[in-house]
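See structure below.
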Amino acid sequence: MLQIYNSLTGAKEEFKPLIEGKVGMYVCGMTVYDYCHIGHARVMVAFDVITRYLRQQGYDVNYIRNITDVDDKIFNRANENGEPYTELTDRFINAMHEDERALSVLPPNSEPRATEHIDNILNMVQTLIDKGFAYPASNGDVYYRIDKFEGYGKLSNRNIEEMRAGARVEVDENKENPMDFVLWKGAKTGEAAWDSPWGPGRPGWHIECSAMSTCCLGNTFDIHGGGPDLKFPHHENEIAQSEAATGEKYVNTWMHAGAVRVDNEKMSKSLGNFFTIREVLEKYNPEVVRYFLISSHYRSAINYSEESLKQAQQALERFYNTLRNAQPSNESVPVVESNTEFRIRFETAMNDDFNTPEALAVLFDLAREINRGGTSTPAQVELLKELGETLGILQQEPEAFLQGGDTGEISAEQIEQLIIDRKNARSDKDWARADEIRDLLIEKGVVLDDGREGTTWRRQSS
RNA sequence: GGCGCGGUAGCAAAGUGGUUAUGCAGCUGACUGCAACUCAGUCUACGCCGGUUCGAUUCCGACCCGCGCCUCCA
């Protein structure tokens, strides 16, 4: 039985999709005005693992992740660069897709863009006005009337009175209530704008997600996810907009990933302490980054550090050593009883709110069984790769992983030649020469393993 | 101030009312010419103080510390 922690209720709940066997999931994606950072990577990878597991369990998952390509930050950045904003967004959308592919994040079923849904957005705003949940102001903006929506604050556990009391929101003459938020922004001069019944303008930040999600998945759908800082106000406002507009429950299960920290402080744009995915990938194998992200539970905060990445590297080395060393067997009679046990343990872990650290522990136990050697080894190797695939890891050739990361110190050809030299020295029992070669290679970051089948090598994490 | 989360062995990170988490690091053996890989064994824990209990790291209460959201941010 799959249990998922629901941010809305604050408890783990049995997951029951609206339509048996099908899952509709919407995740808030990027605002494309800069490169993705590790925080984005965490959300991407978390929901990628979730999608992979749900599919592996037989669900037909419709995974929608939007792209926000209209926003003040986008316009500002495009202005600074002196380029059309669409050029800027195209560039960063491409960069995002590159980053995702590197991290083995499977593409969502659909990636709707705000600019492609202006009509839906306008319709929803109009509906909200018609129902009395929104009002156009004289400045060309349209605001949401939060006092009118009874459940306002139910996701983030806050009430309007308290927020008003501690409000850090500027009083705006155009708003009935300082907490009211904008659905449609009247255009300033020179800005990209779309026509609307309230004058030229563009969507507010939250309305696009309400419009796109309900458009793609229906008025009510199964799972809505996103980063930790979207719970308020973004997701709270989405609920207010969608439920007021449709009169139906918006989302059954809300899922929020944990924060990525640096030096125990949240990694964020505003603090400027963020690492982009591509920066990190210059130093680490993408799979190492992915492993780092799934080595903690998706809801807990993780701390980004060189040490964390190094540990992830070492953990993967263990798996790939296992895969490399596993002797292919001629006996094609896999013993499957032990596989069933590992599979059950893996699924039990994943069924408990996608507990990837526990699932990885199962894989390590499985790896030990393989390393021990036995008649069921071939089947166990297959299982290790199969379960790894559900987590999006262990799909490389072991040699590709272990021998990758060429820093330009020494080429594979040079290494191979030195291994031959050393082999000759060893057959002459010239241990001094053999050790000299090995020490030389260690200096270059290359470790030799003398196995039964001969000597293999791997590049060591620095 | 409001709401919420967390403090587990050297590091990272799960979990449980009583029995080995797991990975890396350490130690001891095996394997090896020596190593590495690997295997076997092993040492380091559950912030502090009370309470409930036959028994609590796990439940309850207080306290200390750290963090997040409340403002654009994944």
Side-chain angles (χ1 to χ4, degrees), chain A residues 7 10 27-31 34 36-44 46-47 71-73 76 153 156-159 161-163 165-170 179 205 225-234 236 256-261 264-272 274 291-292 295-297 299-303 305 307-322 324-326 349 352 355-365 367-368 370-373 402 426 429-432 434-435 438-439 441-442 446-452 455-458 460-461:
Chain A
S7 303
V27 173
C28 289
M30 281 275 292
T31 301
D34 206 345
C36 299
H37 61 223
I38 297 295
H40 295 113
R42 184 167 202 202
V43 173
M44 288 172 179
F47 286 97
D71 178 88
D72 281 343
K73 290 186 290 294
N76 291 342
S156 51
N157 280 317
R158 57 197 79 206
N159 66 59
E161 291 312 311
E162 279 169 2
M163 282 191 287
R168 279 190 265 169
V169 181
E170 282 176 47
M179 301 300 297
W205 174 34
D229 38 16
L230 294 183
K231 205 167 170 184
F232 187 90
H234 185 57
E236 196 68 70
H256 292 94
V260 176
R261 295 182 190 166
N264 233 19
E265 222 180 19
K266 197 183 111 168
M267 180 186 293
S268 75
K269 287 282 172 68
S270 48
L271 289 170
F274 61 93
Y291 184 94
F292 162 64
S295 63
S296 308
H297 184 86
R299 279 192 287 118
S300 55
I302 51 174
N303 202 44
S305 68
E307 179 64 22
S308 310
L309 273 289
K310 191 182 167 188
Q311 292 201 3
Q313 165 85 33
Q314 287 174 312
L316 280 172
E317 276 172 13
R318 179 169 170 80
F319 281 126
Y320 278 114
N321 273 324
T322 297
R324 174 159 80 172
N325 296 341
D352 182 15
N355 192 335
T356 50
E358 183 70 34
L360 287 170
V362 176
L363 295 202
F364 281 114
D365 287 344
R368 186 183 301 107
I370 292 168
N371 288 331
R372 242 197 283 264
L402 294 168
R426 289 181 76 208
K429 294 214 187 319
D430 184 355
W431 307 129
D435 290 349
R438 192 172 57 205
D439 291 345
L441 285 169
I442 282 173
V446 176
V447 181
L448 298 185
D449 306 305
D450 294 330
R452 283 182 202 287
T455 298
T456 53
W457 61 275
R458 62 192 158 88
Q460 197 171 36
S461 49

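As a basis for the values below, the full set of heavy atoms in this structure was taken, side chains included, without hydrogen atoms, waters or symmetry mates. A note on names: the letters A, B, ... follow the listed sequences, proteins ahead of strands, and every chain is numbered from 1.
Between A:Lys269 and B:A74 there is a side-chain N or O to OP1 or OP2 distance below 4.0 Å. Under 4.0 angstrom from either OP1 or OP2 of B:C73 there lies at least one side-chain N or O belonging to A:Trp205. Close to B:G23, at under 4.0 Å from its OP1 or OP2, lies a side-chain N or O of A:Arg368. A sub-4.0 Å separation between OP1 or OP2 of B:G15 and a side-chain N or O of A:Asn355 is present. Note on A:Arg324: every side-chain N or O is 4.0 Å or more away from OP1 and OP2 of B:U38.
Rounded to a whole Å, the CZ atom of A:Arg299 is 10 Å from the P atom of B:C5. Between A:Asp365 atom CG and B:G15 atom P the separation is 16 Å, expressed in whole Å. Remark: P of B:C24 and CZ of A:Phe319 are 9 Å apart, rounded to the nearest angstrom. In this structure, the NZ atom of A:Lys266 is 9 Å from the P atom of B:A74, given to the nearest Å. Counting to the nearest Å, the P atom of B:U32 and the CZ atom of A:Arg426 are 12 Å from each other. If you take CG of A:Asn325 and P of B:U38, they are 7 Å apart, rounded to a whole angstrom. In this entry the distance linking CD of A:Glu236 with P of B:G68 reads 21 Å, nearest Å.
In this structure, of B:A36, B:C67, B:C11, it is B:C67 that holds the atom nearest to the side chain of A:Arg261. Distances from the side chain of A:Ser296 to the nucleotides B:A74, B:A13, B:A35 place B:A13 closest. When distances are taken from the side chain of A:Pro233 to each of B:C37, B:C72, B:A74, the shortest belongs to B:C72. Closest approach to the A:Arg158 side chain among B:C34, B:C69, B:C73 is made by B:C69 (side chain taken as heavy atoms from C-beta onward). Checking B:A14, B:A25, B:G66 against the side-chain heavy atoms of A:Gln314 singles out B:A25 as nearest.
At a threshold of 4.0 angstrom between heavy atoms, the contacts of A:His297 are confined to the sugar-phosphate backbone, with no base atom among them. In this structure, A:Met267 reaches the bases: a heavy-atom distance under 4.0 Å links it to at least one base atom across the strands shown. Across all strands, A:Asn264 comes closer than 4.0 Å only to sugar-phosphate atoms, never to a base (heavy-atom distances). Base engagement by A:Asp450 is indicated by at least one non-hydrogen atom pair under 4.0 Å involving a base atom. Contact annotation for A:Asp435: base contact, defined as any heavy-atom pair under 4.0 Å involving a base atom. Within 4.0 Å (heavy atoms only), A:Asn321 reaches sugar-phosphate atoms of the nucleic acid but no base atom. At the heavy-atom level, A:Gly258 lies under 4.0 Å from base atoms of the strands shown. Using a 4.0 Å heavy-atom criterion, one finds that A:Ser268 contacts the bases of the nucleic acid, with or without backbone contacts as well. The residue A:Ala315 sits close only to the backbone: its heavy atoms come under 4.0 Å of sugar-phosphate atoms, none of a base. Using a 4.0 Å heavy-atom criterion, one finds that A:Lys73 contacts the sugar-phosphate atoms exclusively.
Here, B:G7 and B:G15 have their C1' atoms 16 Å apart, quoted to the whole Å. B:G47 and B:U38 have their C1' atoms separated by 38 Å, with the value rounded to a whole Å. The P atoms of B:A9 and B:A45 are separated by 9 Å, rounded to the nearest whole Å. Taking the C1' atoms as reference points, B:U8 lies 9 Å from B:A13, given to the whole Å. A gap of 33 Å separates the P atoms of B:U19 and B:C37, to the nearest Å. Atom name P, nucleotides B:C72 and B:C67: the rounded distance is 23 Å, in whole Å. Across B:G6 and B:U57, the matching C1' atoms stand 15 Å from one another, rounded to whole Å. Using C1' as the reference atom, B:G61 and B:G2 are 22 Å apart when rounded to the nearest Å.
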Notebook entry, point to check: What do the steps show when you test A:Arg368 against A:Asn371 for side chain to side chain donor-acceptor pair (under 3.5 Å), and what is the final call?
Noted result: CA-CA 5 Å; A:Arg368 186 183 301 107; A:Asn371 288 331; over 6 Å; no
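Comparing A:Asn371 and A:His37 along RNA chain B, the residue whose closest nucleotide (by nearest heavy atom) sits nearer the 5' end is A:Asn371. Along RNA chain B, the nucleotide closest to A:Gln311 and the one closest to A:Ala367 are compared, and the more 5′ of them pairs with A:Gln311.
Because its NZ or CZ atom is both nearer than 6.0 Å to the ring centre of A:Phe232 and within 45° of the ring axis, A:Arg158 counts as a cation-pi partner of that residue.
A donor-acceptor contact shorter than 3.5 Å links the side chain of A:Asn303 to the backbone of A:Asn264. Not one N or O on the side chain of A:Arg426 forms a donor-acceptor pair closer than 3.5 Å with the backbone of A:Trp431. The closest donor-acceptor contact from the side chain of A:Glu236 to the backbone of A:Ser156 lies under 3.5 Å.
A:Thr31 and A:Asp71 are not linked by any side-chain donor-acceptor pair at a separation below 3.5 angstrom, with hydrogens and angles left out of the test.
Side-chain contact between A:Thr456 and A:Leu448 is absent, with no heavy-atom pair separated by less than 4.5 Å.
RNA chain B forms stems at B:1-7 with B:64-70, B:10-12 with B:22-24, B:26-30 with B:38-42, B:49-51 with B:59-61, each a run of 3 or more consecutive Watson-Crick or G-U wobble pairs whose two key distances fall under 3.5 Å.
Salt bridge annotation for A:Asp34-A:Lys73: absent, with no cationic side-chain nitrogen under 4.0 angstrom from a carboxylate oxygen.
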